[in-house]
J.: 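First the structure, which I've put down as structure tokens, then a few questions once you've had a look.
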Amino acid sequence: MKKVYLATPYTGTPDQEEERFQEAIRITRRLIGQGIIPFSPIVQSHLVAKDHLPGDHGYWKKFNESWLEWADEVWVAKMHGWEQSRGVRWEVGYAKAAGMTVKFINQDDEK
């Protein structure tokens with residue numbers, strides 16, 4: 001089974017972060033249904049961090065790097081804000097430097 005790191009934007013207003021979290025859940029659910037083993041740092045960390053841990057990219061970078069090493073491929077969800085996301089840019093750069101496949105998916109691709 002393919003192991004996929006799902007890169008999605010996150011940081012924004014509290015409403016944007018909640019919306020992005022919910023969309024990451026929907027995409028993760030679809031990938032699991034397709035027999036893919038996904039890891040989404042947003043699905044994994046949103047509730048754990050909310051109101052208790054820093055939410056910035058710098059804090060989570062070391063955790064995400066470990067999961068990037070685990071993954072076979074990086075898939076980027078082309079959600080609202082993905083092109084401006086510092087985290088997504090870093091994840092894609094890391095994957096490319098490591099010679100990993102990077103796939104860009106539209107929200108409708110996985111429905």
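All residue numbers refer to positions in the sequence shown, counting from 1.
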J.: Do side-chain atoms of Arg20 reach the backbone of Thr11 as a donor and acceptor pair under 3.5 angstrom?
T.: yes

J.: With rounding to the nearest 0.5 angstrom, report the CD1 to CD distance, Ile42 to Gln22.
T.: 12.5 Å

J.: Just to verify, what does Lys2 make a salt bridge (charged side-chain N to carboxylate O under 4.0 Å, His left out) with, not counting sequence neighbours?
T.: Glu73

J.: Please round to the nearest 0.5 Å and tell me the distance separating atom CH2 of Trp90 and atom CG of Leu68.
T.: 5.0 Å

J.: Kindly indicate whether the side chain of Ile27, heavy atoms from C-beta on, has any atom under 4.5 Å from the side chain of Met79.
T.: yes

J.: Within the side chain of Glu91, is there an N or O that forms a donor-acceptor pair under 3.5 Å with the backbone of Ala7?
T.: no

J.: Using 0.5 Å steps for rounding, measure from the CH2 atom of Trp75 to the CE atom of Met100.
T.: 12.0 Å

J.: Of all residues at least two apart in sequence or in a different chain, which pass the side chain to side chain contact (heavy atoms under 4.5 Å, CB included) check with Thr28?
T.: Leu6, Ile32, Pro38, Ser40, Val43

J.: What heavy-atom pair brings Tyr94 and Glu65 nearest, and what distance separates the two atoms?
T.: CE1-CG, 3.5 Å

J.: Calculate, to the nearest 0.5 Å, the distance between atoms CG and CD1 belonging to Leu31 and Ile37 respectively.
T.: 11.5 Å

J.: Is the shortest side-chain heavy-atom distance between Lys103 and Val76 below 4.5 Å?
T.: no

J.: For Arg26, enumerate each residue passing the side-chain hydrogen bond (donor to acceptor under 3.5 Å, both in side chains) test, keeping only those at least two apart in sequence or located in another chain.
T.: Glu23

J.: Distance check, rounded to the nearest 0.5 Å: Phe63 atom CZ versus Gln44 atom CD?
T.: 10.0 Å

J.: Between Gln16 (side chain) and Thr13 (backbone), is there a donor-acceptor pair under 3.5 Å?
T.: yes

J.: What orientation do Phe39 and Trp67 show, parallel under 30°, tilted 30 to 60°, or perpendicular over 60°?
T.: parallel

J.: Do other residues, nucleotides or ligands put more than 12 heavy atoms under 6.0 Å from Lys3 NZ?
T.: yes

J.: Compare every heavy atom of Pro9 with every heavy atom of Ala77, then report the nearest pair and how far apart it is.
T.: O-CD, 4.2 Å

J.: Rounded to the nearest 0.5 Å, what's the gap from CG on Asn64 to OH on Tyr5? Could you check?
T.: 3.5 Å

